[in-house]
Amino acid sequence: MHPFKMRFSSIELRDLAKAWIVISLAFAVVHSKGFSLTQAFFTATAISALTVGVGFLLHELMHKYFAQKYGCRAEFRAFDFMLLVAFAMSFFGFVFAAPGGVFIGGNVNRARSGRISAAGPLTNIVLAALFLAAGFFAFSPFVAQIARYGASINAWLAVFNMLPLMGLDGNKVLHWNMKAYAALMAASVAMMVLTF
C-alpha cells in the first residue's frame with residue numbers, strides 16, 4: 001500500500017505563501033508598532049512567521065490533510081481583501097485575521113466535516129503545548145520569550161476557531177459531536193490560561 005501524499009496545485013502553494021507572508025508582516029507591525037526596514041522589524045517578522053505563521057499554516061494543512069484522506073477535493077485559497085484588511089489594521093495595533101480557508105468538495109457528511117474541522121484547532125492546541133514546553137527548556141530569555149509568544153498565539157487561535165459561530169471550525173464540530181466540542185474547547189481554554 002502506497003503512503004498517502006497530500007496534493008497541491010501551484011495556485012494553492014502561491015496562496016499559502018502569500019497568506020503566510022502577509023500574516024507574519026501584520027503581526028510584526030503590531031509588535032514593532034509600525035513598519036520599518038530595520039533589523040528589529042525583520043526579527044519581529046521572522047518571529048511572527050515562526051509562531052503565528054506556522055500556527056496558521058499547519059492549521060489549514062491539517063484541514064486539507066484529513067479532507068484528502070477522506071477522498072475529498074481540498075484546496076486552500078487566500079482571501080486577498082481580508083489579507084489587505086489584516087495588514088491595514090495592524091497599523092492601528094491589532095490584527096483581524098481571516099486570511100483564507102480550505103475549500104472542500106466531495107462526499108462530506110456531518111461526521112467527516114466535524115473531524116476535518118476539529119483537526120485545525122487541535123493542531124493549534126498541540127503547537128501551543130510544544131511552544132510552552134520549549135519555553136521551559138529555552139537556553140536564553142529571548143528564546144523563552146519567543147516560545148511563550150508562540151504558545152499564547154496558538155492557544156488564542158484554538159479558542160477563536162472553536163467559537164460556535166457560522167464559518168468557524170467550532171460550529172461544525174458542535175454540530176457533529178457535542179462531547180468532542182466540549183473537550184476541544186476545554187483544552188483550548190486551559191492552554192490559553194496556561195500561556196497567559
Side-chain angles (χ1 to χ4, degrees), residues 1-20 22-23 26 51-83 85-86 95-131 150-193 195:
M1 184 174 179
H2 295 291
F4 172 74
K5 289 185 179 179
M6 291 172 64
R7 300 174 300 280
F8 295 91
S9 70
S10 58
I11 296 173
E12 181 178 26
L13 291 173
R14 179 204 65 194
D15 276 18
L16 282 166
K18 179 169 54 178
W20 190 4
V22 173
I23 289 300
T51 54
V52 185
V54 167
F56 146 73
L57 188 66
L58 292 182
H59 177 109
E60 298 300 339
L61 289 180
M62 289 307 290
H63 287 320
K64 179 182 177 69
Y65 175 82
F66 279 98
Q68 288 193 347
K69 282 284 278 187
Y70 284 130
C72 300
R73 299 181 306 279
E75 287 230 352
F76 176 84
R77 287 293 179 268
F79 301 152
D80 290 346
F81 176 74
M82 294 309 294
L83 286 173
V85 168
V95 178
F96 177 77
V102 175
F103 290 85
I104 299 167
N107 183 19
V108 184
N109 56 27
R110 181 178 293 186
R112 286 184 173 186
S113 177
R115 292 186 189 107
I116 291 167
S117 298
L122 182 57
T123 299
N124 293 122
I125 292 168
V126 171
L127 285 172
L130 290 173
F131 274 116
S152 64
I153 200 69
N154 275 281
W156 180 85
L157 285 170
V159 170
F160 175 78
N161 279 283
M162 282 307 298
L163 294 174
L165 302 175
M166 188 68 68
L168 294 181
D169 297 326
N171 190 49
K172 297 169 189 171
V173 175
L174 182 60
H175 280 87
W176 159 53
N177 188 309
M178 190 172 291
K179 288 181 181 178
Y181 176 84
L184 276 172
M185 180 55 98
S188 302
V189 171
M191 194 57 65
M192 179 173 271
V193 170
T195 58

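Predicted model only: the values in this text are computed from it and were never measured. FYI, the numbering just counts along the sequence from 1.
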Should we count CZ of Arg110 as having more than 12 external heavy atoms under 6.0 Å?
-> no
Can you see which heavy atom on Met191 is nearest to which on Ala128, and at what distance?
-> CG-CB, 3.3 Å
Asn124 (side chain) donor-acceptor with Gly55 (main chain) under 3.5 angstrom | yes
Heavy-atom nearest pair, Gln68 first then Lys5, reads OE1-O, 4.3 Å
Distance (rounded to the nearest 0.5 Å) between Ile125 CD1 and Leu130 CG = 12.0 Å
Looking at OG of Ser117 and CD1 of Ile104, how far apart are the two atoms once the value is rounded to the nearest 0.5 Å?
-> 6.5 Å
Could you walk me through whether Lys64 and Glu12 pass the side-chain contact (heavy atoms from CB on, under 4.5 Å) test, one step at a time?
-> CA-CA 11 Å; Lys64 179 182 177 69; Glu12 181 178 26; 2.9 Å; yes
Considering all heavy atoms, the nearest Ala158-Pro121 contact = CB-O, 3.8 Å
Is there a side-chain contact (heavy atoms from CB on, under 4.5 Å) between Phe66 and Arg115 once you walk through the steps?
-> CA-CA 8 Å; Phe66 279 98; Arg115 292 186 189 107; 6.0 Å; no
Closest contact, heavy atoms only, Val173 versus Ala180 | CG1-C, 4.2 Å
Under 3.5 Å, sequence neighbours excluded: what are the donor-acceptor pairs made by side chains of residues 163-172?
residue, atom, partner, partner atom, Å
Asp169, OD1, His63, NE2, 3.4
Asp169, OD2, His59, NE2, 3.0
Asp169, OD2, His63, NE2, 3.2

Main-chain N/O of Asn107 paired to Arg112 side chain as donor or acceptor, under 3.5 Å = yes
Minimum heavy-atom distance between Ala74 and Ala67, given as atom pair plus value | CB-CB, 3.6 Å
Step through it carefully: locate the ring centre of Phe56, locate the ring centre of Phe76, and say whether they are under 6.0 Å apart.
-> yes
Measure the CD-CG distance between Glu60 and Leu16 for me, rounded to the nearest 0.5 Å.
-> 8.0 Å
Under the salt bridge (charged side-chain N to carboxylate O under 4.0 Å, His left out) test, which residues partner Arg77, sequence neighbours left out?
-> Glu75
Trace of the side-chain contact (heavy atoms from CB on, under 4.5 Å) decision for Phe103 with Arg73 = CA-CA 8 Å; Phe103 290 85; Arg73 299 181 306 279; over 6 Å; no
Under the side-chain contact (heavy atoms from CB on, under 4.5 Å) rule, what do Leu83 and Lys18 come out as? Steps first, then yes or no, please.
-> CA-CA 9 Å; Leu83 286 173; Lys18 179 169 54 178; 4.1 Å; yes
Calculate, to the nearest 0.5 Å, the distance between atoms OH and OG belonging to Tyr70 and Ser113 respectively.
-> 10.0 Å
CH2/Trp20 to CG/Leu57 distance, rounded to the nearest 0.5 angstrom?
-> 5.5 Å
How many angstroms lie between CE in Met162 and CG in Leu157, if you round to the nearest 0.5 Å?
-> 13.5 Å
Looking only at heavy atoms, the pair that brings Thr51 and Gly150 closest together is CG2-CA, 3.6 Å
More than 12 non-hydrogen atoms from neighbouring residues, nucleotides or ligands closer than 6.0 Å to CZ on Phe8, yes or no?
-> yes
